[in-house]
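Written below as C-alpha cells is the structure these notes are about.
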Amino acid sequence: MLPAMMLSSDIRAAFIDYFKTQAHTEIPSAPLVPKGDPTLLFTNAGMVQFKTTFLGEAPRDYSRAVSSQKCMRAGGKHNDLDQVGKTARHHTFFEMLGNFSFGNYFKKEAIAFAWELLTDQFHLSKDRLWVTVYQDDDEAEQLWKRFVAPNRILRLGDADNFWQMGETGPCGPCSEILIDQGEAMHPDCPGIGVCSCDRYLEIWNLVFMQYNKTATGITSLPNPSIDTGMGLERITAICQGVNSNYQTDLFTPIFDAIAHKAYQSKTDIVSSMPARVIADHLRAMTFLMSDGVVPSNEGRGYVLRRIIRRAARFGRKLSLAPPFLHELTDSVIDPMRLVYPELAAHRKNIQKTIQMEEERFEETLNRGGAFLDEVIETIQKKGEKEIAGEAAFKLYDTYGYPVDLITEVAEEAGLTVDEHGFQTAMEAQRERARCASLGGAADRGEKINDTDHLLSIALQKTPIAKTTFTGYQHLEEDVTILSILSGGKPIDAAAAGDVVEIIFDRSPFYGESGGQVGDTGTLISQGAGVEIENTKKTNAGVHLHSGKVISGTIHIGTRYQAVVNSDARKSAARNHTATHLLHAALREIIGDHVKQAGSLVAPERLRFDFHHFAPLTQKEMDRVESCVNAQVLEAVAVETKEMAVAEALSCGATALFGEKYGDVVRVVSVSDFSHELCGGTHCRNTGEIGLFKIIREGSVASGIRRIEAVTGTVAYQVVKNQEQTVKQISELLKINSEDVFEKVMKLTKEIKEKDREIQKIKMGQIASSDDPMQAIRKIGNLSLLVRKMPNTSIKEMRVHADYLRDRLKSGIVILGGLDEAGEKATLIVMVTPEWTNPFSAAKIASEMAIFIGGSGGGNPEMAQAGGKQVDQLGAALEKSVEIVEAMGKQS
Ligand code: SER
C-alpha cells in the first residue's frame, strides 16, 4: 500500500520494487562519467551502462534489469542546458527510472508493465493518459489498444518516436506515454507532436531496441530488447499534484536554502528563473564532482565549469553575495546521501572546488563587468540589437570572458553577437601574434624548428612511411637512412660538423611523446659517426633524429648501427614507471578526483600535473611518497599488454576523454595498483626504480597542482646531498649530526631575543631624540600625529606606530619612512577605533600612496602603503594633513 502523498523516495522505491516483483534484477546507478566509453560525454540515459549488453558483446547473468540512473544532459546529442530555468521540466541533472530486457521480453510486456505501474500503483487517471507510437509500428498500436482508447493513440515520425543514444549505438522505435495536465495549463495548445507546451507532458519513454547505428549504417541487434526511461522529477511532480518539478520534495531543501541566503520567501523564488537555474545547476555540479569531474577548459570539465559559472551569474540576479554556491551544496548532499553515498564521501572536495571556481569567476566578471555594462547600455541607447565583433573580442581577449559566456549574457539582454566580426578580430590578432613571433625568431637568428613542418617539406621529395619502433625490445638496431634534412631541406649526404635531422626505416630511439622525452645516442658505421641529441615523433609516426655528424660522411640509403644511450633510457624508464605509481598513489590517498593534467618524463626527473584544489600537506606528501616506495620495495613486475580498446577500458585502465585511441592499445600495469594506456618505455620491475623522492609540490594554474620527483641514482644523490649539508652544519657548530636540530632551534631563539633587544634600543634612541608628542596637530577635536622616521625596516615602523598610537590614546598616527637601502618608501596609518568613521586608515593610506607611486591596503584601523618614488615621501606626509581635513569635511 503506497502512502497518500508519495515522496520522491517512495516513488523511486515503488518503481524498483514493482519491477523486482516482475523478476528484474536491481542494478545500482552507474557513474555520470561513462566507464569505458570515451565517445560519450556523460551518462545520459539508464541504458548507457547496458550498451554493450544490448549489442551482445557483454552478456550478463540476468536478462531483466531495473535501475534509478543518475543522468546528465548538458552536452552531446541530448543537451537541455539552455532550456533549464525557462521551463518547469528540463534539467541538466536528473534521475531516470528504467526497466530493461536483454532479449527477454519485448513490446507486449513492456507496455503492460508500464500501464499497470502508472494506473494501479501510481493511481494516475486512465483518462488523462495519451500514447504515441512510431509511424509504422502497427504492433505497438494494437498492443496499446488493449488499454487506451484509439483516439488517444497517435503515430509520430523519427523526430518524436525513434530513439538513439548518440550518433552511434543501439536505437529503435519508441512509444511515449504522456499525461494531459488539463486545458488550464495551456488553453491554446494545438496538441501532441505539434506543441512544446506543458499541457501534454511526456512521462515515460519505452524504447523497442532493435538496431545498432554505426558510422557506416544500421544493423539489427542480436535480440530485440527493451529500454525504458521515466524522469523521476516529472513523475514526482505528477504524483504530488504540482505543476513544476521545482515544487517537488526533490527541490524543496534546495529552494529553502536559496531563499534563506537571498532573504526572500520560497514561494516567491520557486518560479523565478535565476533560482531555478541555481537549483538545477547545484544538483548537476555536486553530482558531477562526486563522480570525479573537476572544472577545466575542455570536455567534461568545461561543461562543469560552464554550469558553475552560469549558476554563479544567476546568483547575482538574486543579489546573493559571492561566493555562495558552496554553502548551498549541503542542501543537495544531505537529502540524497543515503541513495548516493558518493555525495557525502566527497563533500569537502566538492565544496572547496566550487568555492575556488566561483571566486576565480568573480574576478573575471569584475574585470570585464563595467566594460560589458557600458557596451550593452550604449547599444540599447542606440536602439541596436548586436554586440560588435570588436567589443566581443575585447571581452574575450582582454577580460578573459569565454565565448559562450559572452553569447549567454548578450542573449539575456536581448542582443546577439556579431560572430563574423568576432572571428575577423580574432584572425587579425592571430596574424599580429604570428608576425611578432616569426619576426622575433628571425631577428634572433634562431632556427624555427617545427617537426611536422620540416617533415612535410621532406615528404614532398620522398614519401616517408611511419617508422617501425623497435626500442621496446632492443637498444641497438641496424638501420637504413631514408632521409636527411638540413635546416628543413632534404639533402643526400652530410659531413662532419653538420647539424641534421635523420629518418631511418626502423628505430630503437623513443620519439618524444606522452610526456616522455626523446632518446639520445649514437649512429655509427665504419666510416662515420653521428651524436643523436634528441628524437621527436611526428603526428604521422615518423621518428626524427636530430644531431651532429661527428666524423666521416653519412649518406641516404646506407646502413648504420643505431645505439640508444642506455643509461639515459633506463633513467627515463624509472621515472616513467614512477609517474604511473605516483598517479595511482595520488588517487588512492588524495581521492578519485585526481586526474592527470600533464606530465614530463626525462632521465633526470619527472613532473606530474594533476587536478586538485589545494596544496598537498606535508603529511599527504609523505603518505604518497611512501605509497610509491612500498610498490618499489615489493619489486612487482611491470606488465605491458596490447589489447582491444574496449577490453582495456573495461579493466579500468585510465584513458583521457576526447583522446583518439587506435583499435588496439598498449596497457601498462603494475599488479592491481595501476593500469594506464601508455606507449612509453618502462622498467621491467618496480624494484629498478630504487628510490622515489618528491622534490617539490606547487601550483601550475588554478585547480592544478604539480609534483616534481626523482628516482634511482638522482634520488640517491638528493639524499646524499642532504646528508652532506647536515654534516657541514654539524662541523660548523662543532656538534654531532644528531644534535643539529636542537642546536639550530636554540640559536634561532637566541637570535630572535637579540633582535628584540636591538629593536628596543633603537626605539629608545628614536624616542629620546625628541618628544614626538610635541608634533601633534589638532583638527577640531582630532589629534593627528605625522612623523618621518629614519631609514628602517617596515617591522620597526609598525612597532613604532603602535607605540605612538598607544601614547596618543585617541586620534591618527601617520608614519613615513624609507627602507634601510633607501629604495622604497613606506607609509603606516593607524586610526583609533572611535575615529575610523570618517577617517578610515585604509582610505588615508591609499590616497597618500598616489604620491609615492604605489598602492595601499589595510583596514579602517591600520593600513600600509608602499611606493618607489622615495623623493616624494615628504610631499606625501605634508599632503596627509589636507587629506585628513578633507575627509573630516566630507563627513
Ligand atoms: N533511452 C530512452 C530515453 O532516454 C529510454 O530510457 O529516453
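Remember, it's 1-based here, ligands and their atoms both numbered in the order they're listed.
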### Message
What I want to check is whether the side chains of Tyr134 and Asp158 have a donor and an acceptor closer together than 3.5 Å.
### Response
yes

### Option passing side chain to side chain contact (heavy atoms under 4.5 Å, CB included) with Glu342 (candidates Met336, Lys70, Met289)
Lys70

### Message
Could you tell me, atom by atom, which parts of ligand 1 come under 4.0 Å of a heavy atom of Val207?
### Response
2 (C), 5 (C)

### Message
Can you tell me which residue among Asn161, Asp138, Asp136 is in a side-chain hydrogen bond (donor to acceptor under 3.5 Å, both in side chains) with Arg155?
### Response
Asp138

### Message
For Asn44, which part has a heavy atom under 4.0 Å from ligand 1: side chain, backbone, both, or neither?
### Response
neither

### Query
Which of the atoms of ligand 1 are close to Ala45, meaning less than 4.0 Å from one of its heavy atoms?
1 (N), 4 (O)

### Task
Heavy-atom contacts with Gly229 under 4.0 Å: which atoms of ligand 1 show up? List them by number with element.
5 (C), 6 (O)

### Residue among Phe102, Tyr105, Tyr18, Phe15 satisfying ring pair (Phe, Tyr, Trp, His ring centres under 6.0 Å) with His24
Tyr105

### Salt bridge flag under 4.0 Å for residues Arg347 and Asp334
yes

### Task
Pick one of side chain, backbone, both or neither for how Met96 approaches ligand 1, counting any non-hydrogen atom pair under 4.0 Å.
side chain

### Query
Which residue owns the protein heavy atom closest to atom 7 (O) of ligand 1, what's the atom, and how far is it?
Asn205 ND2, 3.0 Å

### Message
Give me the nearest non-hydrogen protein atom to atom 1 (N) of ligand 1 as residue plus atom name, then the distance to 0.1 Å.
### Response
Asp227 OD2, 2.7 Å

## Note on the structure
Any heavy atom of Arg73 under 4.0 Å from ligand 1? The part involved is side chain

### Query
Is it true that the NZ or CZ of Arg283 lies under 6.0 Å from the centre of Phe251's six-membered ring and within 45 degrees of the ring axis?
yes

